[in-house]
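A quick write-up on the structure given underneath.
Quick caveat: nothing in here was measured; it's all calculated off a predicted structure.
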Amino acid sequence: MKLSIPGRASATAVVAAAALLTGGSIAGAAPAPVAAAAAPDLPVANVKAHLAQLQSIATANGGNRAHGRTGYKASLDYVKAKLDAAGFTTTVQQFTSSGRTGYNLIADWPGGNTGQVVMAGSHLDSVTAGPGINDNGSGSAAVLETALAVARSNYQPTKHLRFAWWGAEELGMVGSRYYVNSLTTANRSKISGYLNFDMIGSPNPGYFVYDDDPTIEKTFKTYFTGIGVSTEIETEGDGRSDHAPFKSAGIPVGGLFSGADYIKTSAQAAKWGGTAGKAFDACYHSSCDTTSNINDTALDRNADALAYAVWQLSA
């Protein structure tokens, strides 16, 4: 997640519980079918296996996976190889930032209505200070495992599914902005919604949901209600991650977040467990953001919520 912190004007949306079943849908989408395919329960061990690979890549490449460094390109190659083997159509998009070459990875699942695209994405780069396993290996690994679950189940959604891993987010959402700016007006209008996952395994976690689009927000809240987990509206990361360029282009956005350097309150600790008076992620943007810096329960819940939303919103 990028470091700068602009303010947020929060707006809580109230959506009828039956919206997804009776025609409430992300912008431009047709009414969802009454019986949507059930999303899989993602094995958290699989997500953690991807994190272990990203840690190994960082360790072998100077301790980080930052933009323009060998660790970033090796991370992208790892993700791309998994997706290619699973049957995705992958595209590597190249750009330049701060005098270094950067890359986005886009993966399309064949089929579905390409006039209604549901995207899920995360930034794959770390800061130079460390391996970036929570920020943002956690989001990247969960998006990857969701894509692989689509392939394993041979899911055939009504809408078209696209997954993305962004470069140079830590320099100001450079990769995602480049992608959005490269789209024609017509292709932007085909994106029904973009779901962003930036830090979802924080060691002292909270459960935060973006409130930018009411239907996407409701979808995530429905999942967490179903497993008995209370959520709060996300305020710490607004404008600081890759949903921002999409939102600025008028594309509906949503996502999940487990907290960065803000401090957990006593009320939040009572609700979610963990330690009050301590940052959600004390290793944020530090060398200690390793595989030891992950809360397995938060990672598991958020990964499953990610898959649930992808299935629901693309049905």
(Q) With rounding to the nearest 0.5 angstrom, report the CD1 to OG distance, Ile57 to Ser126. (A) 11.0 Å
Q.
Are Phe208 and Trp272 an aromatic pair, judged by ring center distance below 6.0 Å?
A. yes
Q: Determine the minimum heavy-atom distance between Arg152 and Pro43, stating which atoms define it.
A: NH2-CD, 4.3 Å
(Q) Using 0.5 Å steps for rounding, measure from the NZ atom of Lys73 to the CG atom of Asn61. (A) 11.5 Å
(Q) Under 6.0 Å between ring centres: does that hold for His243 and Tyr210? (A) yes
**Q.** Separation between CG of Leu105 and CG of Leu144, rounded to the nearest 0.5 Å
**A.** 9.5 Å
Q) Between the main-chain N or O of Tyr262 and the side-chain N or O of Glu236, is there a donor-acceptor pair closer than 3.5 Å? A) yes
Q. Is the backbone N or O of Asn113 less than 3.5 Å from a side-chain atom of Gln116, with the two atoms forming a donor-acceptor pair by type?
A. no
Q) Side-chain contact, heavy-atom cut-off 4.5 Å: Arg177 with Asp242? A) no
Q) Would you say the side chains of Glu169 and His67 form a donor-acceptor pair under 3.5 Å? A) no
(Q) Walk me through whether Leu256 and Val209 qualify under side chain to side chain contact (heavy atoms under 4.5 Å, CB included). (A) CA-CA 5 Å; Leu256 300 175; Val209 176; 3.8 Å; yes
Q. Are Asn134 and Thr290 side-chain neighbours, meaning at least one heavy-atom pair lies under 4.5 Å?
A. no
Q) Between Glu145 and His50, does any side-chain donor sit less than 3.5 Å from a side-chain acceptor? A) yes
Q. Can you tell me how far CZ of Phe246 sits from OG of Ser176, rounded to the nearest 0.5 angstrom?
A. 6.5 Å
Q.
With heavy-atom distances below 4.5 Å as the criterion, would you say the side chains of Ser314 and Tyr155 are in contact?
A. yes
Q.
What verdict does the side chain to side chain contact (heavy atoms under 4.5 Å, CB included) test give for Thr222 and Tyr308, after you've listed the backbone C-alpha separation in whole Å, the side-chain angles of each residue and the deciding distance to 0.1 Å?
A. CA-CA 10 Å; Thr222 296; Tyr308 175 84; 3.5 Å; yes
**Q.** Shared hydrophobic cluster, Val127 / Met173 (ILVMFWY, side-chain heavy atoms < 4.5 Å)
**A.** no
Q: Inspect the surroundings of NZ in Lys48 and state if more than 12 heavy atoms from other residues, nucleotides or ligands are less than 6.0 Å away.
A: no
Q) Can you tell me how far CG of Leu161 sits from CG of Leu313, rounded to the nearest 0.5 angstrom? A) 10.0 Å
**Q.** Selection residues 201-288 - residue pairs positive for disulfide (SG to SG under 2.5 Å), sequence neighbours left out
**A.** Cys283-Cys288
Q. With no hydrogens and no angle check, is any side-chain donor or acceptor of Thr101 less than 3.5 Å from a backbone partner on Thr96?
A. no
Q: Drop me the distance from Asn302's CG to Leu42's CG, to the nearest 0.5 angstrom.
A: 11.5 Å
(Q) Count I, L, V, M, F, W, Y as connected when their side-chain heavy atoms are under 4.5 Å apart, and connections chain through other members. Are Leu54 and Tyr103 then in the same cluster? (A) yes
Q. Going through the distances and angles, do Arg65 and Asp125 end up as a salt bridge (Lys or Arg N to Asp or Glu O under 4.0 Å)?
A. CA-CA 6 Å; Arg65 303 179 301 99; Asp125 63 316; over 6 Å; no
